[in-house]
Amino acid sequence: MATYEELRRAAEEAWRPFAAPQRPLIKVGLATCSRAAGADETLDALHRGLAERGIEADVMVTGCWGLCYAEPIVEVHPDKSGPAVLYQRLTADKVPQLIEQAVASDGIAREQALGVLADEPFEAVPPLRSLEFFAPQVRRLMANCGVIDPGQIDHYIARGGYEGLAKALALSDEAVIKEVTDSGLWGRGGAAFPTGRKCDFLRGSKRTPKYMICNADEGDPGSFVNRNLMESDPHLIIEGMAIGGYATGASNGYVYIRDEYPLPVERMQRAVEQAREKGLLGESILGSDFSFDLEVVRGAGSYLCGEETGLIASLEDSRGMPKIRPPFPAEAGVFDQPSNVNNVESYANVPLILRNGAAWYASVGSEKHKGTKMFSLSGQVQRVGILEAPLGTPMSEVVLRAGGGPPEGRTLKAIQPGGPLSGIIPASDVDIPLEPDAFRERGMFMGSGGLVLVDDSNCILDLCVYFEWFAEDESCGRCTTCFAGTRRLVEILRRIASGRGRGEADLEMIRLLGDTMRYSNCVHGQAAPTSIMSMLRFFEGELMEHLERKRCPARACRDLVRYEVVHYSDRLPEAEAICPTQAVVRDPSAGSGQAGSYRIDQAKCIKCDACREVAPYAIAVVNEFGP
């Protein structure tokens, strides 16, 4: 059995050609986001283009930098002078130009250049770290994202991987848990429970076998930080679970990944196999008396499997329904055995703490909440992506500075954090610190890291209708409080959005249901009304416009608006052609070049918005019952 030092030396030798390339090295980020943007085709085009020109260069696959807005990302290391350059939106059709300008001639393809991996500008290309997207970032968890090949364990080991496990094996289980506790790490899945205490509960259990479970069922709309870690640095998670197994006395673990994540499943499975081959999983890890193994499990496609007891039920091949607690998983979890369930990001922090120490980990963050947190930006934001910032960072630094705020010409209206059960924050609170307390003060959760921007073209009531429908649709049906409560809320909200609200009676019923649902069996039902309560607290004026004036200020609620032709445009024939119900009608009696030459047949219009997207100057959305 090889020692860690032997594994490290061999890994550094394998990593050297990529750390200090002696000939051109081209890195292509392959993750779910980049594949959607055409990265597979870019990679194929690079291989073909280099072969056709007879250029000797190394082509390497990496994970995701988090720069989703700039995908596909390609990094080029020249074989002579100059730093590596990151290129953005490098689709297959732009590969020949890249090869000609940046590989064959050892120059820079300026049109696509995003930044250089250096401290100073190079030939007018700015340092990557100087971009606004990186301004609030401290990259610890994401240090390997976009840098290493996630399919090569040697790359991970060469950059310090599994050093934390080797150090843990030289300590007692109590000492490992103390280090994690002293760091201040708490669960990153949304509950924010101290990770060290959770591990200590499991360590204290006398029954065996014990299990470590990784909750990678990232089902919140707008959250994709866990996906990025699994696709870009899977061994960081495996190492964290192995350390957890050693500290708690667990001998087996499961990585439960949502069914909609095929690439994370593939990369985690390969990483587990490679760790076994290196003696980092299985029997007598690194020559010690500690044995621990992992299995990757594909989820059942249910949102409720993200709740730890629902996940455990699914692992047991039962329907993914949450269980009533107590007993808690540390006492009776999977297969009724003691278990710990932690989020992907929680496990990923543990190797860094053991490698560098609790004091290092706690050197960033706020006074109360230490360390960093990953966030995913989506919705109406200029720069969609994933970033990592110290806890306590003002949210405005992340959503407005790094993300660029809403699209040009639009105004920020709200931020929806952590999924449909977490609430809605008004734009006036955009400067609150990114840590749990500020969100709890507003009656909501910070969640697992998703931040969805909402601009002034959106209706908060319409958003709440969607969230409550989602909560109702995903309810397991075990308790009437949740299932019937969400159904009643959906009915009331839809009625208000259609102009049939009942005034104060509706508001009283919403508050009564919200209060009653606090007694649901699990957090799904308990938190389902959170967004609606946020609307009552922060967006009451907008709600009352719907209730009293039957008017949607954002012109988003279909039953309260109609489409009209207000100007003539030469794109109106296209709008007529695209309408699925032939509601855009040409009036042959009207002269051409006039708005009156076209009209909308209101009886046929289904308000799909296709016509307005084609002819935005000519067709407008107006309120049915007033301006």
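Values below: all heavy atoms of this structure, side chains included; hydrogens, waters and symmetry mates excluded.
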Tell me, yes or no, whether the heavy-atom count around Phe470 atom CZ, taken from other residues, nucleotides or ligands under 6.0 Å, exceeds 12. yes

Answer yes or no: is there an ion pair linking Arg9 with Glu12, defined by an N-O contact shorter than 4.0 Å? no

Polar side-chain atom of Glu231 near backbone of Cys64 as donor-acceptor pair, under 3.5 Å: no

Output yes when Glu132 and Arg401 qualify as a salt bridge under the 4.0 Å nitrogen-oxygen rule, no when they do not. yes

Side-chain contact test, heavy atoms from C-beta onward, threshold under 4.5 Å: evaluate it for Phe439 versus Ile425 and give yes or no. yes

Can any side-chain N or O of Thr42 pair as donor or acceptor with the backbone N or O of Leu90 at less than 3.5 Å? yes

In the structure I gave you, are the side-chain heavy atoms of Lys94 and Leu98 within less than 4.5 Å of one another anywhere? no

Let me confirm one number: the CG-OG distance from Leu451 to Ser378, rounded to the nearest 0.5 Å. 8.0 Å

Side-chain ion pair, Asp119 and Arg129, N-O less than 4.0 Å: no

Between Lys373 and Glu345, does any side-chain N to carboxylate O distance fall below 4.0 Å? yes

Scanning both residues in full, the closest heavy-atom pair of Ala275 with Tyr162 reads CB-OH, 3.9 Å

Using modelled atom types and a 3.5 Å cut-off, is there a donor and acceptor pairing between side-chain atoms of Glu435 and backbone atoms of Leu391? no

Under 4.5 Å between any side-chain heavy atoms of Tyr87 and Ile108, yes or no? yes

Closest approach of Cys305 to Gly320 (non-hydrogen atoms, all atoms of both residues): SG-CA, 4.0 Å

Salt bridge (charged side-chain N to carboxylate O under 4.0 Å, His left out) between Glu163 and Lys167, intermediate numbers included: CA-CA 6 Å; Glu163 181 182 342; Lys167 287 184 174 181; 3.3 Å; yes

Under 3.5 Å: donor-acceptor pair, side chain of Arg110, backbone of Glu123: yes

Could you go step by step and tell me if Phe224 and Cys33 meet the side chain to side chain contact (heavy atoms under 4.5 Å, CB included) rule? CA-CA 10 Å; Phe224 41 96; Cys33 54; over 6 Å; no

Closest heavy-atom contact between Gly244 and Thr248? O-OG1, 2.8 Å

When rounded to the nearest 0.5 angstrom, what distance separates OG in Ser302 from CG in Asp259? 11.5 Å

Closer than 3.5 angstrom, by distance alone: can the side chain of Gln137 be matched with the main-chain N or O of Phe133 as a donor-acceptor pair? yes

So, are Asp217 and Arg258 salt-bridged, with charged N and O less than 4.0 Å apart? no

Short N-O contact, Glu266 and Arg270, less than 4.0 angstrom: no

Are the side chains of Val116 and Pro121 in contact, using a 4.5 Å heavy-atom criterion? no

Using the side chain to side chain donor-acceptor pair (under 3.5 Å) definition, which of the options Arg23, Gln22, His77, Lys27 pairs with Asp58? Arg23

Are Arg188 and Val225 packed together at the side-chain level, in the sense that at least one heavy-atom pair is separated by less than 4.5 angstrom? no

Side-chain donor or acceptor of Arg53 paired with backbone N/O of Ala51 under 3.5 Å: no

State, yes or no, whether a side-chain contact exists between Trp360 and Arg355 at a heavy-atom distance under 4.5 Å. no

Please tell me if the side chains of Glu239 and Leu354 come closer than 4.5 Å, counting only heavy atoms from C-beta onward. no

Between Tyr246 and Phe290, how do the two ring planes meet: parallel, tilted or perpendicular, split at 30° and 60°? perpendicular

Distance col, row Arg227:CZ vs Ser376:OG, nearest 0.5 angstrom, shows 8.5 Å

Are Ile353 and Ile243 close enough, and set up right, to give a side chain to side chain contact (heavy atoms under 4.5 Å, CB included), and what steps lead you there? CA-CA 11 Å; Ile353 294 169; Ile243 294 170; over 6 Å; no

Nearest heavy-atom neighbours spanning Ala247 and Val176: CB-CG1, 3.8 Å

Take Glu75 and Trp65, measure what side chain to side chain contact (heavy atoms under 4.5 Å, CB included) needs, and give me the verdict at the end. CA-CA 11 Å; Glu75 180 182 331; Trp65 275 90; 3.8 Å; yes

Among Asn228, Leu229, Leu377, which residue meets the side chain to side chain contact (heavy atoms under 4.5 Å, CB included) test with Ile386? Asn228

May I ask you to decide if Gln88's main-chain N or O and Gln112's side chain share a donor-acceptor pair within less than 3.5 Å? yes

Does a side chain donor of either Ser448 or Glu218 reach within less than 3.5 Å of an acceptor in the other side chain? no

Spell out, as yes or no, whether a donor-acceptor pair under 3.5 Å connects the side chain of Gln416 to the backbone of Gly419. yes

Heavy-atom donor-acceptor pair, Arg8 side chain to Thr3 backbone, under 3.5 Å: no

Verdict with supporting geometry, Glu388 and Thr372, side-chain hydrogen bond (donor to acceptor under 3.5 Å, both in side chains): CA-CA 6 Å; Glu388 181 180 0; Thr372 60; 2.5 Å; yes

If you apply the rule side chain to side chain contact (heavy atoms under 4.5 Å, CB included), what do you find for Glu41 with Val95, and how did you get there? CA-CA 10 Å; Glu41 292 78 7; Val95 166; over 6 Å; no

Can you say whether the rings of His155 and Phe18 are parallel (under 30°), tilted (30 to 60°) or perpendicular (over 60°)? tilted

Pair Arg48 + Glu52: basic N to acidic O under 4.0 Å: no

Side chain of Tyr347, backbone of Ile213: donor and acceptor closer than 3.5 Å? yes

So CH2 of Trp186 and CG of Asn343: to nearest 0.5 Å the spacing works out to 10.0 Å

Met268 CE to Glu295 CD distance, which is reported to the nearest 0.5 Å: 12.5 Å

List the atom of Pro417, the atom of Phe445, and the distance in Å for their closest heavy-atom pair. CG-O, 3.8 Å

Is there side-chain contact between Asp233 and Tyr156, with at least one heavy-atom pair below 4.5 Å? yes

Can you confirm whether Glu6 is buried at CD, in the sense that more than 12 heavy atoms of other residues, nucleotides or ligands lie under 6.0 Å from that atom? yes

Output the distance between atom CG (Leu286) and atom CD (Glu5), rounded to the nearest 0.5 Å. 9.0 Å

Taking all non-hydrogen atoms of both residues into account, name the closest pair between Leu30 and Ala39 and its distance. CD2-CB, 3.5 Å

